[in-house]
There are 2 protein chains.
Amino acid sequence: MPNIKQIAKIAGVSVSTVSRVINHHAYVSEDKRRAVMEAIVQLNYSRNLNAVHLSKGTTNIIGVMVPSINHAYFSRLMEGISSEALMKDYQLMVCQTNYNPVSEGKVLDMLKMKQMDGIIIGSKTLAWEQIEPFTEYGPIVACEDAGTSAISSVYLDHYDCFRQGMRYLIERGHRQIGFCLGRADSANSLKRRRAYEDALAAIHEAVREEWMFYQCLRIEDGLAVVHQWLRMRERPTALLVTSDQVAAGIITEARKNGIRIPEDLAVIGFDNQPIAQVFDLTTIDNQLFEMGSAAFQMAYDHITKKRTKPENRELGYLLIERSTV
Amino acid sequence: MPNIKQIAKIAGVSVSTVSRVINHHAYVSEDKRRAVMEAIVQLNYSRNLNAVHLSKGTTNIIGVMVPSINHAYFSRLMEGISSEALMKDYQLMVCQTNYNPVSEGKVLDMLKMKQMDGIIIGSKTLAWEQIEPFTEYGPIVACEDAGTSAISSVYLDHYDCFRQGMRYLIERGHRQIGFCLGRADSANSLKRRRAYEDALAAIHEAVREEWMFYQCLRIEDGLAVVHQWLRMRERPTALLVTSDQVAAGIITEARKNGIRIPEDLAVIGFDNQPIAQVFDLTTIDNQLFEMGSAAFQMAYDHITKKRTKPENRELGYLLIERSTV
DNA sequence: TTAATGTATGAAACGCATTTCATGTCAAGG
DNA sequence: CCTTGACATGAAATGCGTTTCATACATTAA
């Protein structure tokens, strides 16, 4: 593989001049520029990016930490990140962690080892305090509320959001309400559960453990929810489901079992994914794509403007009224 | 940021010894090893991976070229790649191309510039001849039939596969059969169309342009198919749909319009994604996950064993009988 | 006892491009 | 005619870890 030195020799110039030509610096005479260009073509030369990265101290790579690559939520989020990264000529290093703390730690280490200029956290299991020290090595932007930590974040208020979903259901006469969440102990889930309990308290309804479904992450998880629902003596008349896919699974299985939507069971989804439109699903749009692109922009700004203090940006959400409530 | 030199100084050894300790080489006395380890902890040292990459000439990074990050097909494929990469301690650089030849070229360039050790092509628009020259810089594995080119590949016989779908429908009495494909001019689509035409010819049925739907990529694309179907005077009684998502969209919209599945319209999907299970959709499982992991393994083998001749591996497929035919 | 091995360690070369600093030329302004 | 700034170019330092080569001592086999 030819290097800059060989180009310099063939073109009859110094390596500095070659570098200037490659990087479009000013102050290179037309003759030499042409000579260099010709040498580059002649030797079929390409820069060794590892040398560039080492020399510059940056890589134009952003790490993306997600528990799973194959999940509608993260796919949409990554699409937002990617679209922005593409425009800024940044590459994405997608790191699947499976919520494994060791894997998550490895991603953080890669930032320290200068393999990437910054990290966007889609979701994680490590505590903020364990992540915080790494902000020293580059911007870390979380796509969830990072609270008072020194981590930047783009997020939405899931308490509010859930409250609004509850309000919407209650206004339409529902009092028997259940929910479907993902990880039981995640910060978001805890907030949602609190919103749920507060909303029920406000209408003097008791909280029932059996109406709370956890580990609802994928479309197929909707089936079990319906089967459990069918076995209950007292059933919720509405479900707040934090994933359109799960909601779609519920609706499909419900219809198969003769359950009318929304008469027998009202459903509100989350994310406003394409599947929600197809199912004519009432859902809360939480702007995942925008969250992804905002997260990238934030990381990018910190890298290029060398900002250090964390930034927090709250995004809005929007209840989309369709036919499942 | 501390470097290996400072560690060496503090530990009272040479940089070679530090490197040996870090890389777990033999022949380092216990005293020095400990001294080095202590210095590393003391200075909170981490290697600069860019220097490592430059020095070693490899990066342990595999590039993944996909048109879209947010698409069930590629998500599943990438999941397969990722699971294998995780085990081998490789990182994934996911490059979204939007089928833009310029973007695709950039990915290939990154291989040449040693930013990655190999490339897995999920799908592309460039011609094989344009890709071939880059195999010189590292293994390129395509997740589609690379024909007689010098590109390695993991693929399945989409002609056969489509023929089998057609046979299944014909055996069940269908003669009016249509299909839904993605890109009209992709190699796979052409093969499928050929299989379709051959199958119809075998039962002496004419080919009808209006029963061929293209650009069917996402769940929402199923709606338009149904609406067109409704407007036809003569309708196909069965559709071969090369995506479970699209099939699910079709089924959902069909049911909404009172079309009975499979009585009025039989549907076969492709991929055997979770959504197919939920919809109890008859589908052809083409082992996307396995394709992804096989592709990674192939790339990995070429990197580590420095093989050069291309390899081609055909995977099987399996028709999953469910209730939509 | 000698030759051959194994263990241990450091100096220096190597991978490659960027960037600062120094130097030099030439034209415009005073 | 001299100063100043724009233009042009190269030498050398810099970023950092890996690896080869040379060296030296301690064993072990012959």
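Side-chain atoms are counted along with the backbone in the values below, which use heavy atoms only and exclude waters and symmetry mates. Lettering of chains follows the sequences in order, A, B, ..., and the numbering in each one begins at 1. Owing to the predicted nature of the structure, the values given are computational and were not obtained by experimental measurement.
In summary, the side chains of A/Asn44 and B/Lys112 do present a donor paired with an acceptor at a separation below 3.5 Å, with no hydrogens or angles considered. Between the side chains of A/Asn312 and A/Glu314, no donor N or O sits under 3.5 Å from an acceptor N or O. In this model, a donor atom of one side chain and an acceptor atom of the other lie less than 3.5 Å apart for B/Glu311 and B/His302.
Residue A/His25 contributes atom NE2, which lies 15 Å from atom P of C/dC21 at whole-angstrom precision. The distance between atom CZ of A/Arg47 and atom C1' of C/dT18, rounded to the nearest whole Å, is 10 Å. Remark: P of C/dA17 and CG of B/Asn48 are 17 Å apart, rounded to the nearest angstrom. One atom, CD1 of A/Ile7, and another, P of C/dA17, lie 9 Å apart when rounded to the nearest Å. In this entry the distance linking CD of B/Gln115 with P of C/dG15 reads 21 Å, nearest Å. Straight-line distance from the NZ atom of B/Lys5 to the P atom of C/dA13: 13 Å, rounded to whole Å. A straight line from CD of B/Glu30 to C1' of C/dT9 spans 16 Å, rounded to a whole angstrom. A/Leu43 has its CG atom 12 Å from the P atom of C/dA17, to the nearest Å.
If you check every strand for non-hydrogen atoms under 4.0 Å, B/Val13 touches sugar and phosphate atoms only. Residue A/Asn23 is classed as a sugar-phosphate contact, given heavy-atom separations below 4.0 Å to backbone atoms only. Within 4.0 Å (heavy atoms only), A/Val28 reaches sugar-phosphate atoms of the nucleic acid but no base atom.
With a cutoff of under 4.0 Å to any heavy atom of chain A, the contacted region of DNA chain D is bounded 5' to 3' by D/dA6 to D/dC16.
A close approach under 4.0 Å does not occur between any side-chain nitrogen or oxygen of A/Lys56 and OP1 or OP2 of C/dT19. Put simply, B/Thr17 has a side-chain N or O that comes within less than 4.0 Å of OP1 or OP2 on C/dG10.
Between A/Tyr73 and A/His71, the ring planes are perpendicular. Angles over 60° get that label, and only those under 30° would be called parallel.
In DNA chain C, stems built from 3 or more consecutive Watson-Crick or G-U wobble pairs, each with both distances under 3.5 Å, span C:1-30 with D:1-30.
Checking each of B/Arg20, B/Lys32, B/Arg33 against B/Val13 for a side chain to side chain contact (heavy atoms under 4.5 Å, CB included) leaves exactly one that passes, namely B/Lys32.
Two residues, B/Ser55 and A/Ile22, neighbour DNA chain C, and the one matched to the more 5' nucleotide by heavy-atom proximity is B/Ser55. The residue among A/Val52 and A/Ser29 whose nearest nucleotide of DNA chain D is located toward the 5' end is A/Ser29. When each of B/Tyr27 and B/Ser16 is assigned the nucleotide of DNA chain C with its nearest heavy atom, B/Tyr27 is the one assigned upstream, toward the 5' end.
Proximity of a side-chain donor or acceptor of B/Thr135 to a complementary backbone N or O of B/Glu132 within less than 3.5 Å is detected.
Here the nucleotide nearest the side chain of B/Leu54, chosen from C/dT18, C/dA11, C/dC16, is C/dC16.
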#### Entry: Steps toward side chain to side chain contact (heavy atoms under 4.5 Å, CB included) verdict (B/Ile140, B/Leu108)
CA-CA 9 Å; B/Ile140 300 180; B/Leu108 296 172; 4.1 Å; yes

### Task
Take A/Tyr45 and A/Gln6 through the side chain to side chain contact (heavy atoms under 4.5 Å, CB included) test and state the conclusion after the steps.
CA-CA 10 Å; A/Tyr45 168 78; A/Gln6 294 170 44; over 6 Å; no

### Query
So B/Ser103 and B/Asn98, side chain to side chain contact (heavy atoms under 4.5 Å, CB included) or not? Walk me through it.
CA-CA 8 Å; B/Ser103 299; B/Asn98 302 312; 5.8 Å; no

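Within the model, atoms CD1 of B/Ile121 and CG of B/Leu126 stand 8.0 Å from one another, a figure rounded to the nearest 0.5 Å.
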